[in-house]
Asks: 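Would you mind keeping the following structure in view while I ask a few things?
Please read these numbers as outputs of a predicted model, since none were measured by experiment. Order of the sequence lines fixes the chain letters, A, B, ..., with proteins taken first and strands second; residue numbering starts at 1 for each chain.
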Amino acid sequence: MKRTVIPIGPFHPIQEEPEFFQLTVEGETVVDVDVRLSCNHRGIERLCQDLTYDQIPFLLARICGICSASHPMAFCQACEDLCGVETPPRGLYLRSIICELERIHSHLLWVGLAGHFIGYNTVFMWAWKYREPVLELLERLIGNRNNYENFCVGGCRRDIPQEKLPEITEVMDEVQGNVEMLTKAVLDDPILKVRLGGIGILTYEQARQWCATGPTTRGSGVDIDVRRDEPYAAYNLLDWQVHVQPAGDVFAKTVVRLLEVLEAVKIIRQCVDQIEPGEIRAEVREMPQGEGIGHAEAPRGETFHYVCSDGTNYPIRYKVRAPTYVNLPSFKSSVIGQELADAMLTVAAMDPCYSCTERVAVVRNRRHSKKEILDQRTLMKLSWEKTERIRKNI
Amino acid sequence: MNNEELLSTLQGKLGQFAVEIVPRNPKRIYIDVPPEHSIAANRICFEELQGRLTTATGRDTPHRIEVLYHYCLDSCGVVVTLRTWAEKPECTLDSLAAVLPGANFIEREIQDLLGVKFRNHPDPRRLILADNWPQGVYPLRRDFSARRKRNETPEFLRELTQEVTSP
């Protein structure tokens, strides 16, 4: 059969990470995929070597607009591992609250976009409407909807006043009701089950081989979560559980994310109940010579940071590993054999950048190199048409 | 598995290769492995200890380039780091990606940024650097400077620096 090469990406104004995908398709089936990263390399690891330990968290918050709590969190843990500082309990609870609020808004963002991709625009609008109060709450608590910049080595920079804690509970009540309704609607919907079930399957063995993390692996039955396996912040003081789904398809990943939102609500409620007034920051006088490793569970998976210090104010080597870096190659296992209409959804299920599919050139006839450009709208249409077909058949 | 058991397991399985096993603290263990044994040691970490390769870090030091493979042992929440090295100026090392697909990207990144050549890598193309970046210039080496070696910097960087410095 004739093979067609489809380049996707790399740039789109609204995507967070420019990436270049090249799909090879036979008819409608994807047979090969190639990924090219770093179309917009910012050199953050190198920049960190010229910044002091106090300045680095501000740069790291800008690695990702959504995970802007997890990266500084992992950095602070790497430094605390290096210098052996204990954060006071209030600092730990504050960290947990901010990390979980971040998880809620990130997962709701994803649910909305996934709904949009399959033509469920109601899901898109609802999920984003439910997300808004969380962002507004973060703004009231910390001063920013994103880029919280509240973490520093040894604890937190700013306290959440005790009288503002009831506000958190109020918003959590609202989020919980809405998300429970949304989860029930998703789990009971027969069309969604058919549309998302069985596509983009990543098996347990493949997830292990590609060393993937986060909801991508928990949807494949791999029971890992840094928050439980190596507890940081206040997670070991709270009662919560890790949600794992064995199926490995897009539906399983959706269910994992929705259940994680509810779990995050539960965690935040306990934090608000248990938090007590006190110090939020331990003083760090100097960085000793040596190496430190810190990792944290971001909404997309584990972020991993390594710091190497020579005893001065600046690290001599700093390494950042973001979750998409290991989740993305697993695309090679999950997308091959899929229909073109599902390829976009499979990428989206990993929660990397959604709009890589902004422009697609289909080379129908390579000899004359006549190109047909598929834009995002056409790809969306492909996906929506498939949902329509399923809806009619049910 | 508690920490002493883990340390004795590591000693038993990796003792034959390792130069040194250093537990910096109960959750962080660093193991020095000579380059000729690095693949065997990595396989033990991944297959027998059920570790998850989180990432690898390349580090430039005066006489060699160190490559640190970080494994998370999720069942006991410990990070085991295997430190191996590539001697300058050849800077070659056996590739782990041939055995473990998860190491594919990170080894290509280290190859781009630090110039370590990985033998038997299944896909040794560039990953990080632009296609028009000159051969043999490694931006994360400590002797790299875009400003000092003006003649060796790529075209686009040269244009940029001239724009800034011209009166």
Asks: Roughly how far apart are A:Lys319 NZ and B:Leu140 CG, rounded to 0.5 Å?
Replies: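 A:Lys319 atom NZ to B:Leu140 atom CG measures 9.0 Å (nearest 0.5 Å).
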
Asks: Which of parallel (below 30°), tilted (30 to 60°) and perpendicular (above 60°) describes B:Phe105 and A:Tyr325?
Replies: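 The rings of B:Phe105 and A:Tyr325 stand perpendicular, inter-plane angle above 60°.
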
Asks: Hey, what do you get for CZ (B:Arg28) to CG (A:Leu82), rounding to the nearest 0.5 Å?
Replies: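 It comes to 11.5 Å.
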
Asks: Which residue out of A:Asp225, A:Val226, A:Asp229 racks up the most heavy-atom pairs below 4.5 Å with chain B?
Replies: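 Answer, by heavy-atom pair count under 4.5 Å with chain B: A:Asp229.
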
Asks: Would you indicate whether the side-chain heavy atoms of B:Val79 and A:Glu230 approach each other to under 4.5 Å?
Replies: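 A:Glu230 reaches B:Val79 side chain to side chain.
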
Asks: Per the side-chain contact (heavy atoms from CB on, under 4.5 Å) rule, which among B:Ile106, B:Thr55, B:Thr54, B:Leu53 passes with A:Cys211?
Replies: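 In the set B:Ile106, B:Thr55, B:Thr54, B:Leu53, the residue that makes a side-chain contact (heavy atoms from CB on, under 4.5 Å) with A:Cys211 is B:Leu53.
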
Asks: Relative to chain B, which segment of A:Thr213 carries a heavy atom at a distance below 4.5 Å: side chain, backbone, both, or neither?
Replies: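 The answer is the side chain of A:Thr213.
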
Asks: Select one option (side chain, backbone, both, neither) describing which atoms of A:Asp34 are under 4.5 Å from chain B's heavy atoms.
Replies: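 Only the side chain of A:Asp34 comes within 4.5 Å of chain B.
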
Asks: Please classify the contact between B:Arg126 and chain A as side chain, backbone, both or neither, with a heavy-atom cut-off of under 4.5 Å.
Replies: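 Both parts, backbone and side chain.
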
Asks: So which of B:Arg24, B:Lys27, B:Gln50 has the biggest tally of heavy-atom pairs under 4.5 Å with chain A?
Replies: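 Answer, by heavy-atom pair count under 4.5 Å with chain A: B:Gln50.
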
Asks: With respect to chain A, which residue among B:Arg108, B:Arg59, B:Arg125 yields the maximal number of heavy-atom pairs within a distance under 4.5 Å?
Replies: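 Ranked by contacts with chain A, first place is B:Arg59.
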
Asks: Take A:Ile316 and B:Arg142 through the test side chain to side chain contact (heavy atoms under 4.5 Å, CB included) and record every step on the way to the result.
Replies: CA-CA 10 Å; A:Ile316 53 170; B:Arg142 293 182 77 76; 4.3 Å; yes

Asks: Please state whether the side chain, the backbone, both or neither of B:Tyr30 comes within less than 4.5 Å of a heavy atom of chain A.
Replies: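 Contact with chain A involves the side chain of B:Tyr30 alone.
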
Asks: For the atom pair SG (B:Cys72) and CD1 (A:Ile293), what is the distance rounded to the nearest 0.5 Å?
Replies: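 Going from the SG atom of B:Cys72 to the CD1 atom of A:Ile293 covers 8.5 Å.
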
Asks: Nearest 0.5 Å, please: how far is CG in B:Asp74 from OG1 in A:Thr217?
Replies: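 A:Thr217 OG1 to B:Asp74 CG: 9.0 Å, rounded to 0.5 Å.
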
Asks: Measure the shortest side-chain to side-chain distance between B:Arg52 and A:Val222 over non-hydrogen atoms and say whether it is less than 4.5 angstrom.
Replies: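 With C-beta onward as the side chain, the pair stays apart.
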
Asks: What part of A:Asp81 gets within 4.5 angstrom of chain B, counting heavy atoms only: side chain, backbone, both, or neither?
Replies: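 For A:Asp81, backbone and side chain are both near chain B.
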
Asks: Do you know which of A:Arg321, A:Glu45, A:Arg228 has the most heavy-atom pairs under 4.5 Å to chain B?
Replies: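 Max contact count across the listed options: A:Arg321.
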
Asks: I'd like to know if A:Arg208 pairs up with B:Glu47 as an ion pair, taking the criterion as any Lys NZ or Arg NE/NH1/NH2 lying under 4.0 Å from an Asp or Glu carboxylate oxygen.
Replies: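 So A:Arg208 does not pair with B:Glu47 through a salt bridge.
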
Asks: Measuring heavy-atom distances to chain B, does A:Glu302 have an atom under 4.5 Å in its side chain, in its backbone, in both, or in neither?
Replies: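 A:Glu302 touches chain B through side-chain heavy atoms alone.
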
Asks: Can you name the nearest heavy-atom pair linking B:Gly58 to A:Arg317, along with the distance?
Replies: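 Closest pair (atom of B:Gly58, atom of A:Arg317, distance): O-NE, 2.5 Å.
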
Asks: Side chain, backbone, both or neither: which part of B:Ala97 has a non-hydrogen atom closer than 4.5 Å to chain A?
Replies: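 B:Ala97 has no heavy atom closer than 4.5 Å to chain A.
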
Asks: To the closest 0.5 Å, what do you measure between CZ (A:Phe304) and NE2 (B:His70)?
Replies: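 Going from CZ on A:Phe304 over to NE2 on B:His70, the span is 4.5 Å.
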
Asks: Side chains of B:Arg83 and A:Glu291, heavy atoms from C-beta outward: is any pair under 4.5 Å?
Replies: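 Answer yes - side chains close enough.
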
